[in-house]
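Everything numeric in this text was worked out from a predicted model, so none of it was measured.
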Amino acid sequence: MSAVPGDSSGSSKGGSSSSEPVVFSPLEQRLGRLCKTLTTLFPLWVVGAALLGFHHPPAFLWFTDTYVTWSLIFCMLAMGLTLTFEEIASVFTRSPQLLLLGMVLQYSVLPLIGFAISRHWGLSSSLAIGVALVSCMPGGTASNIVAYIARGDMPLSIMMTTASTIMAVFTTPLLTSLLVGTLVPVDARAMFLSVLQLVLAPVIVGTAANQLFPRAVQRLRIYTPLAATAAVVMIVGSMIATNVSVVAASGLAIITAVLTLHSCGFGLGYFISKGLGLSDRVCRTNAIEVGMQSSALAAVLARKHFPHDPMIVAPCVLSACTHATLGSLLAGYWNLTSKDEEQ
């Protein structure tokens, strides 16, 4: 049987419930190799989009929030196509300790780093509050997309994002109160609806399609990693383009602070997991989930609860651009270097 050409994410068992092999035509195999090659150049596309968005914003300004939302939904649907319901259930039945560890890492590593940076980086009080606020956020939807391209553990990644978002209703107000000194409440209903719309619903639809039409989905998965890559590239370019003034005016101190925050998150998430003897696939997943928090939620909360101090939003915007770029670079590297048999 020909392997699914260009499939850069699915697990070895997550594709098809059919026992019959799927034979790909020579054209499909060539297209699969082309898509895989273009996907492994992911870091190059992301850096190029960031530079183009900064120096020529009109190239991405047309890519509005509506397009971003639907791109995220598409990416989550594509992830669902690589999963089965048994794999999703296994996160709770066979390895609940991994989900618990992920929650502990998400709500300890970045908040502690954010606290240290906000107190000792020499930032103004407004920028320090913004950094602390970003560090208290749950995992972002973009982390699932990056984990998908990085060949991470997709059931674990999706469940970590979902669980951390639900927990954020309690943990984010508590952590922001401790780090910022101001209670920042979270709209529980809005957060749940956001997770349902952007994460759970499209993943469930994709997973159902994979189980109901496995042979058709195997053929479709030739193209979905590259399509997800293109979506992330457009999102990064849009983030930069719509916030050029904030990025340009922020100054070196806050840029290095945010870069350090997320770099430490990625690094500690990976190496703590490695030190615990976890598989490289789980280590990659934890690194991404710890390093990429919901900066968009932080920006919304900053605007709502600190309306008279717009500079608090600056670290949130920089955070979104930074973790998307760093995460994309890591995803491209891991996609290129990780072994297929891990999946």
Side-chain angles (χ1 to χ4, degrees), residues 43 46-47 49-55 57 60 106-140 142-143 146 172 175-182 184 235-271 287-288 290-330:
V46 169
V47 172
L51 291 174
L52 181 60
F54 184 80
H55 292 289
F60 292 99
Q106 278 191 299
Y107 282 116
S108 62
V109 172
L110 224 60
L112 289 173
I113 299 170
F115 177 80
I117 290 176
S118 66
R119 294 297 190 276
H120 305 293
W121 208 264
L123 302 173
S124 68
S125 59
S126 299
L127 295 177
I129 290 172
V131 169
L133 188 61
V134 163
S135 69
C136 298
M137 293 299 109
S143 66
V146 170
T172 295
L175 288 172
T176 53
S177 180
L178 292 174
L179 271 63
V180 180
T182 300
V184 179
I235 291 170
V236 171
S238 175
M239 284 180 180
I240 298 290
T242 55
N243 295 285
V244 168
S245 59
V246 173
V247 175
S250 295
L252 184 61
I254 185 57
I255 292 175
T256 57
V258 171
L259 182 62
T260 300
L261 175 71
H262 290 292
S263 297
C264 289
F266 285 117
L268 290 174
Y270 183 88
F271 288 110
I288 292 166
V290 172
M292 300 184 70
Q293 306 297 75
S294 182
S295 304
L297 176 61
V300 170
L301 294 175
R303 290 191 182 100
K304 180 177 180 180
H305 297 285
F306 304 96
H308 303 299
D309 196 344
M311 283 307 295
I312 293 178
V313 179
C316 307
V317 172
L318 288 172
S319 170
C321 301
T322 301
H323 75 58
T325 303
L326 288 177
S328 300
L329 292 172
L330 278 174

Once side chain to side chain contact (heavy atoms under 4.5 Å, CB included) is applied, do any residues pair with Cys316, and if so which ones, sequence neighbours excluded? Val134, Ala298, Ala299, Ala302
Going through the checks in order, is the side chain to side chain contact (heavy atoms under 4.5 Å, CB included) test met by Ser135 and Gln293? CA-CA 7 Å; Ser135 69; Gln293 306 297 75; over 6 Å; no
Taking side chain to side chain contact (heavy atoms under 4.5 Å, CB included) as the test, write out the residues that go with Ala314, two or more places apart. Leu127, Val246, Ser250, Met311
Is there side-chain contact between Pro138 and Gln106, with at least one heavy-atom pair below 4.5 Å? no
Non-hydrogen atoms of Ala253 and Thr256 that approach each other most closely: O-OG1, 2.9 Å
Can you list every side chain to side chain donor-acceptor pair (under 3.5 Å) pair that touches residues 109-119, not counting sequence neighbours? none
Rounded to the nearest 0.5 Å, the OG atom of Ser124 sits from the CD1 atom of Ile129 at a distance of 8.5 Å
Could you report the tightest heavy-atom contact between Leu110 and Val290, atom names first, then the distance? CD2-O, 3.6 Å
When every non-hydrogen atom of Pro57 is compared with those of Val244, the smallest separation belongs to CG-CG2, 3.7 Å
Value for CG (Leu330) from CE (Met292), rounded to nearest 0.5 Å, stands at 9.5 Å
Looking at every non-hydrogen atom in both residues, tell me the closest pair between Ile113 and Cys264 and how far apart they are. CD1-CB, 3.4 Å
Working to the nearest 0.5 Å, report the span between CG of Leu259 and CG of Leu318. 10.5 Å
ring-ring contact (aromatic ring centres under 6.0 Å, His included) partners of Phe115, counting only residues at least two apart: none
Quick check: closest heavy atoms across Pro111 and Leu175, and the distance to 0.1 Å? CG-CD1, 4.0 Å
Only counting residues at least two apart or in another chain, list the ones meeting side chain to side chain contact (heavy atoms under 4.5 Å, CB included) with Ser238. Phe63, Val68, Thr242
Name all residues meeting the side chain to side chain contact (heavy atoms under 4.5 Å, CB included) criterion together with Ala257; count only those two or more places apart in sequence or in a different chain, and write none if there are none. Ile117, Trp121, Leu123, Ile254
Least distance between heavy atoms, Leu179 atom then Cys136 atom: CD2-SG, 3.9 Å
